[in-house]
Amino acid sequence: MESLEILCAIAAVIFALYYFFTSTFDFWKSRGVPGPRPIPGFGTFKNVVLVKVSLSNYVMKLYNDYKDEPLVGIFAGRTPILVVKHPDLIKDIFIKDFSIFADRGYASHDRGDPLSQNLFELDSKRWRPLRAKLTPVFTSRKLKEMFVLISECSDHLVQHVEKLVNKNEPIECVEMTARYMTDVIGSCVFGIEMNAMSNEDSEFRRIGRTLSHPSFWNRLRFAIKDYLPWLFDILYGCILPQSEKTRFFMRIVLETMDYREKNNITRNDFIDTLRELKKHSDKMGDIDLTDSLIVSQAFVFFLAGFETSSTAMTNAFYELALNQKIQDRLRDEIDQEYIKHAGNLTYANIKEMNYLDKVFKEVLRKYPPGLLYTRETMSSYTFNGTKVSIPKGQIIWISPYAIQRDPSNYPKPDVFDPERFNEEAVQSRHPMVYLPFGVGPRNCIGSRFAVYQTKLGLIKLLRNYKVEPCEKTQVPYAVNDEKVILAPKDGIYLRIIKINRD
């Protein structure tokens, strides 16, 4: 009898667990949304969880398997997620009905992860006033003011490359461009000479590496934050000390602000904008403008600014190395601009380089910085032209990676072709099939700065050097599955050759 009771208890537990993990599995079927069949415990992510398939390949497979479907329903464990594919529906989410989709769906961990209070992750209530105050930092006028600072950093990049070229070895471009971007952001955002190009032990570059290549313990920390948020708040909000990145950025930003205040120093950069926010915190309504909230904004611009831009610049060099005719044509345009303006490069000159703009847009088309954009509904919603209704709190995924590699949007998507961005081609496409920085009110606030610093670095290097593939160049391109942004696996090695202009 005892054995029977034990077996019944075990069966009851198994049944309860099975019910818990499968009770949501009719969510999409009841709404008429197609999608792959979920598996208890895994949802539809079994092969991703077991590291058999990368997230990028998983998303591409969804797009191919449900080619003609505007919406696809998937499950992360037992949580339903809606993948939105149709460009008209994407426009509704990002622009027309933005007020319903203003949140990105990130949980707040103000104590456990103070730097998560940044513009990217904040809920819409705190995001709106902060965005309004920070937007002026990235206007055209501000970029013109930063030209000299960025130009100096790009000159340091050229000097650094000259030293590398003299070694007559393949050059790893991810680290090279990451150092350049670190210096640019240090100078333009923090007002600090970081010297990442010349100093391998630069503290900012070291911190940047830990963010780009998190340790096992940091990856575990992120996993706990995502899947066990209550445990994360207990461990990191009450028991364990702050992470190194938090201590570093809190110290460097607050000390810089304090030093400028005491010495009456003004640079009109991002740090000064944060100083103004702190001085006039009474104008931020009911938002509690804490030190961690202020520092979080500097942190996210460092993180997003150096890694996404350095990866874009690396990918540009990669494609130019594999497409020599495109590289030669781009260099001709750069040379012509230098001749036209007697060797003086200005902000306006860069805007006149139309082929450079096409090349860079094609780089971002083929290698968008983010695999996914997430949104969370702030109220129930019915998609226009459909009978599909979703509740408040529903997570939405939109994949620029899959959209921009869809052959119905871009024929032969693996081919690198800057002419996809001539005026006629752009006019013929739906505007929502090109989303490297997002669109609408919550697009990337620093996109203009990112494009500008990357283009200037490309111009300076391509005027002086030619890039070619070498024996260590990965063909085809291999994606690093451990990163949340689209980045190359094991780096990009190229041969860089000095151009003799005598």
Side-chain angles (χ1 to χ4, degrees), residues 21-22 24-94 101 105 365-377 381-390 394-415 429-430 432-436 438 476-486 489:
F21 283 116
T22 62
T24 60
F25 282 2
D26 65 344
F27 186 88
W28 293 124
K29 186 177 180 181
S30 67
R31 287 167 170 78
V33 178
R37 186 176 179 180
I39 299 172
F42 292 102
T44 57
F45 284 81
K46 178 184 175 184
N47 289 333
V48 176
V49 173
L50 298 179
V51 201
K52 291 182 178 179
V53 174
S54 68
L55 183 59
S56 57
N57 286 335
Y58 172 80
V59 172
M60 285 301 302
K61 189 173 188 305
L62 276 180
Y63 270 69
N64 293 330
D65 290 349
Y66 300 90
K67 186 176 180 181
D68 299 320
E69 299 291 344
L71 303 166
V72 180
I74 59 175
F75 292 86
R78 66 190 298 274
T79 303
I81 296 173
L82 184 64
V83 179
V84 180
K85 296 175 52 193
H86 197 284
D88 287 341
L89 301 183
I90 292 172
K91 184 177 181 178
D92 289 343
I93 291 169
F94 281 151
F101 299 94
R365 193 278 306 172
K366 194 172 179 182
Y367 308 97
L371 286 172
L372 296 166
Y373 297 130
T374 62
R375 291 292 187 269
E376 181 178 359
T377 51
Y381 182 79
T382 301
F383 286 95
N384 187 39
T386 77
K387 295 180 181 179
V388 178
S389 294
I390 52 177
Q394 177 61 55
I395 298 297
I396 305 285
W397 277 11
I398 295 168
S399 174
Y401 178 76
I403 290 169
Q404 293 173 191
R405 287 179 177 244
D406 186 337
S408 63
N409 298 325
Y410 298 93
K412 297 182 180 179
D414 291 330
V415 174
R429 288 192 299 266
H430 195 293
M432 295 298 113
V433 300
Y434 184 68
L435 303 167
Y477 187 98
V479 175
N480 187 339
D481 298 330
E482 295 181 358
K483 291 200 171 189
V484 294
I485 69 166
L486 192 67
K489 183 179 181 180

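Here the structure is a predicted model, which is why all the values come from computation and not from measurement.
- The CD1 atom of I90 sits 8.5 Å away from atom CE of M432, with the distance rounded to the nearest 0.5 Å.
- Annotation: cation-pi geometry not satisfied between R37 and F75 (NZ/CZ under 6.0 angstrom from ring centroid, within 45° of ring axis).
- Side-chain contact check for I390 versus W28: some heavy-atom pair is nearer than 4.5 Å.
- Side-chain atoms of R375 do not come within 3.5 Å of backbone N or O of F94 as any donor-acceptor pair.
- For residues 59-69, the set of pairs meeting the side chain to side chain donor-acceptor pair (under 3.5 Å) definition, not counting sequence neighbours, comprises K61-D65.
- Side-chain contact between L89 and D92 is present, with heavy atoms from C-beta onward closer than 4.5 Å.
- The two residues P400 and G370 have their closest heavy-atom pair at CG-O, 3.2 Å.
- Remark: R429 is not positioned above the aromatic ring of Y434, lacking an NZ or CZ atom under 6.0 angstrom from the ring centre and at most 45 degrees off the axis.
- Under the side chain to side chain donor-acceptor pair (under 3.5 Å) criterion, the residue pairs touching residues 70-88 are S23-R78, D88-H430, with sequence neighbours excluded.
- Put simply, the side chain of V59 does not reach to within 4.5 Å of the side chain of L371, judged on heavy atoms.
- In terms of heavy atoms, I395 sits closest to G105 at CD1-CA, 4.4 Å.
- Between F27 and V33 the shortest side-chain heavy-atom distance does not fall below 4.5 Å.
- With rounding to the nearest 0.5 Å, the separation of NZ in K91 from CG in N384 is 11.5 Å.
- Side-chain atoms of Y373 come within 3.5 Å of backbone N or O of L435 as a donor-acceptor pair.
- In this structure, the side chain of Q394 engages the main chain of P80 through a donor-acceptor pair within 3.5 Å.
- With hydrogens and angles ignored, the 3.5 Å screen pairs no side-chain donor or acceptor of T44 with any backbone N or O of I74.
- Within the 4.5 Å cutoff, no side-chain heavy atoms of T22 are placed close to those of P38.
- With respect to the salt-bridge test (charged N to carboxylate O, under 4.0 angstrom), the residues D414 and R405 qualify.
- Looking at every heavy atom in both residues, P436 comes nearest to P369 through O-CD, 3.4 Å.
- Distance alone, capped at 3.5 Å, is enough to place a donor-acceptor pair between the S54 side chain and the N57 backbone.
- Between T377 and F101, the shortest heavy-atom contact is CG2-CE2, 3.4 Å.
- Side-chain contact between W397 and L82: absent, with no pair of heavy atoms (C-beta onward) separated by less than 4.5 Å.
- Looking only at side-chain heavy atoms (C-beta outward), I403 and I398 come within less than 4.5 Å of each other.
- When all heavy atoms of Q404 and V433 are compared, the pair lying nearest together is CG-O, 3.5 Å.
- F42 places a side-chain heavy atom less than 4.5 Å from the side chain of L50.
- One finds the CG atom of D26 at 8.5 Å from the CZ atom of R31 (value rounded to the nearest 0.5 Å).
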